[in-house]
J.: 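Have a look at this one.
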Amino acid sequence: MRMDKIALIVGARPNFMKIAPIDRECRRRGIETLLIHTGQHYDANMSDIFFEDLNMKSPDIHLNVGSGSHATQTAKIMIEFEKVCDEHRFAMVVVVGDVNSTIACTIVAKKLGIPVAHVEAGLRSFDREMPEEINRILTDSISDLLLTPSLDGNQNLENEGISKDRIKFVGNIMIDSLYDALDRVKIREINPAKKINLERYAVVTLHRPSNVDVEEKVNQLISHLVKISRRIPIVFPMHPRTRNTFERFGKLGVLENELDIHLLEPLGYLEFVSLIGSCKLVITDSGGLQEESTSLGIPCLTLRENTERPITITEGTNQLVDDLSKLQEAVNSALTNEQQVTPRKPMYWDGRTAERIVDSVVSFLER
Ligand code: UD1
């Protein structure tokens, strides 16, 4: 079958590891793709390095939108992406995850009559104060092909009245990239913790507005992290948003002065996989990291009231810490039980999700 091109959209850091295996699988089958980077993330260590680490082709088109308020960023992406759609003939636009680039490109494509496939469809935190939850609900409600990572996603979509024939359970695409990276990091000594002679350590990542944009919460978080570091050294690769707000609240110095808290710049994918692959505990508010730690068998404490990835709790290593007063106890129990955790493999977290995604896209287009 001769097909028009498939547009693959990336914009923010967690998009790259989701699109890389899909692009590879399309090319393996001779399907032409156009890789479009919106520029939502633009620093070299938030964007460029992932193309290298994931063996990904450079973007065919860069929209260079940069940062801004939600409305500004979303609108800029829409304006620029519409021009791209006018210039090219797309059989389908493939979007991933729940970032502003995801919803912006979905709206543009749908209004031009181009079908959209949403990878990682159906996830719900049921917390509409999260910007990502709004992006998820809106993207799913208008996309044509909803590709879910776990069966709770199918159930959520059906509960919203979405017809079953738009929904396809394909598995977790992040795990395709994780398996691929694990194979490569084994043969390279790139763990940044080893470079500072740490054998036993915890990894912290935080970037959600609900944790890092509120001064009182930041103050509490910092005193907890200092306390935890007395028990186990902490490696903390810092998202630029987090560094900016901690600095604005005058709190960055407190962390920098702690001997057992090691602040790093954001890491590339391979360094990060290597870092978490050998750690004893993850403390995070990231969605992807809840999944990666489940797959690696590393205890994960998620500093949120909810998660759109409940399978990481029911079938994984994740535990929600919805109240910081419970954090020390949760750390103690995770470190006491550290021997008992084994890697988990929920259904279709098997490294072959890209194949199922491309199968679904092709059969949708043939229909
Ligand atoms: C975005 C996503 C979030 C995802 C996260 C992963 C939305 C609504 N949020 O949040 O779901 O988990 O990416 O990182 O799409 N900045 C830089 N350099 C960069 C990018 C950002 O310095 O390359 C700084 C800027 O100050 C910017 C801020 O980070 O204003 C926030 O960036 P933005 O893309 O708006 O949201 P994230 O917090 O990264």
Side-chain angles (χ1 to χ4, degrees), residues 9-19 37-51 53 59 62-78 80-81 95-107 118-121 123-125 127-140 149 173-174 177 203-214 217-218 236-249 252 263-269 272 282 284-292 302-304 306-309 312:
I9 309 297
V10 292
R13 189 168 59 174
N15 295 160
F16 306 123
M17 39 288 219
K18 296 171 192 168
I19 285 291
H37 191 334
T38 65
Q40 176 171 349
H41 285 175
Y42 43 85
D43 286 346
N45 56 10
M46 296 291 285
S47 171
D48 301 1
I49 191 162
F50 288 87
F51 288 83
D53 283 0
H62 208 303
L63 307 182
N64 288 311
V65 299
S67 297
S69 68
H70 284 268
T72 306
Q73 189 173 59
T74 309
K76 274 189 180 169
I77 297 168
M78 288 178 69
E80 295 307 317
F81 184 54
V95 296
V96 294
D98 53 18
V99 302
N100 288 343
S101 303
T102 313
I103 180 61
C105 293
T106 302
I107 295 173
H118 181 208
V119 174
E120 214 180 67
L123 298 186
R124 295 290 182 270
S125 64
D127 173 2
R128 292 194 178 196
E129 286 182 19
M130 278 181 86
E132 294 82 358
E133 184 74 351
I134 307 298
N135 293 342
R136 290 180 200 119
I137 294 168
L138 297 181
T139 302
D140 285 340
I173 191 67
M174 290 279 275
S177 280
V203 173
V204 172
T205 81
L206 297 167
H207 74 282
R208 300 244 166 248
S210 56
N211 278 326
V212 305
D213 286 5
V214 185
K217 190 81 178 272
V218 168
F236 187 173
M238 261 196 169
H239 189 290
R241 173 184 209 112
T242 310
R243 187 175 283 277
N244 291 344
T245 56
F246 281 21
E247 198 155 29
R248 182 150 42 86
F249 300 145
L252 197 57
L263 301 187
L264 305 180
E265 290 300 313
L267 296 171
Y269 188 60
F272 192 72
V282 165
T284 192
D285 57 14
S286 147
L289 199 35
Q290 295 170 48
E291 299 175 334
E292 288 157 345
T302 297
L303 305 190
R304 286 176 47 187
N306 46 55
T307 177
E308 60 289 336
R309 292 161 163 92
T312 61

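Atoms within a ligand are numbered from 1 in the order they appear, just like the ligands themselves. We number each residue from 1, following the sequence as shown.
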J.: Return the residue, atom name and 0.1 Å-rounded distance of the protein heavy atom closest to atom 36 (O) of ligand 1.
T.: Arg241 NH1, 3.6 Å
J.: Backbone or side chain, does any N or O of His70 fall under 3.5 Å from an N or O of ligand 1?
T.: no
J.: Please report whether ligand 1 has a polar contact with Asn135, defined as an N or O pair separated by less than 3.5 Å (distance criterion only).
T.: no
J.: Has the side chain of Thr245 got a donor or acceptor atom that lies under 3.5 Å from a matching backbone atom of Thr242?
T.: yes
J.: Is there side-chain contact between Asn15 and His37, with at least one heavy-atom pair below 4.5 Å?
T.: no
J.: Could you tell me the residue and atom name of the protein heavy atom closest to atom 16 (N) of ligand 1, and the distance to it rounded to 0.1 Å?
T.: Tyr42 OH, 3.5 Å
J.: Ignoring hydrogens and angles, state whether a donor on the side chain of Glu129 or Ser210 is under 3.5 Å from an acceptor on the partner side chain.
T.: no
J.: Are the side chain of Glu132 and the backbone of Asp98 linked by a donor-acceptor contact shorter than 3.5 Å?
T.: no
J.: Could you tell me, atom by atom, which parts of ligand 1 come under 4.0 Å of a heavy atom of Asn244?
T.: 26 (O)
J.: Please work out whether any backbone atom (N, CA, C, O) or any side-chain heavy atom from C-beta onward of His41 is under 4.0 Å from ligand 1, and answer side chain, backbone, both or neither.
T.: both
J.: Show the atoms of ligand 1 that are less than 4.0 angstrom away from any heavy atom in Pro240.
T.: 16 (N), 17 (C), 18 (N), 22 (O), 24 (C)
J.: Tell me: protein heavy atom nearest atom 18 (N) of ligand 1, and distance?
T.: Asp43 OD2, 2.9 Å
J.: With no hydrogens and no angle check, just 3.5 Å: does a side-chain donor-acceptor pair link Thr106 and His118?
T.: no
J.: May I ask you to identify the nearest protein heavy atom to atom 2 (C) of ligand 1, giving residue, atom name and distance to one decimal place in Å?
T.: Val99 CG1, 3.7 Å
J.: Examine the proximity of ligand 1 to Pro14 and report which part, side chain or backbone, both or neither, has a heavy atom under 4.0 Å away.
T.: side chain
J.: Evaluate the side-chain proximity of Leu263 to Leu252: yes if any heavy-atom separation is below 4.5 Å, no if none is.
T.: yes
J.: Return the residue, atom name and 0.1 Å-rounded distance of the protein heavy atom closest to atom 7 (C) of ligand 1.
T.: Gln40 NE2, 3.6 Å
J.: Measure the shortest side-chain to side-chain distance between Arg304 and Asp285 over non-hydrogen atoms and say whether it is less than 4.5 angstrom.
T.: yes
J.: How far is atom 27 (C) of ligand 1 from its nearest protein heavy atom, and which residue and atom is that?
T.: Ser67 OG, 3.2 Å
J.: If only atom types and distance count, is the side chain of Gln40 paired as donor or acceptor with the main-chain N or O of Gly66 below 3.5 Å?
T.: no
J.: Whether Arg243 and Glu265 form a salt bridge (side-chain N of Lys/Arg under 4.0 Å from carboxylate O of Asp/Glu) is what I want to check.
T.: yes
J.: With heavy atoms of His207 as the reference, note each atom of ligand 1 found under 4.0 Å away.
T.: 4 (C), 5 (C), 6 (C), 12 (O)
J.: Against heavy atoms of Met46, which atoms of ligand 1 measure under 4.0 Å?
T.: 23 (O)
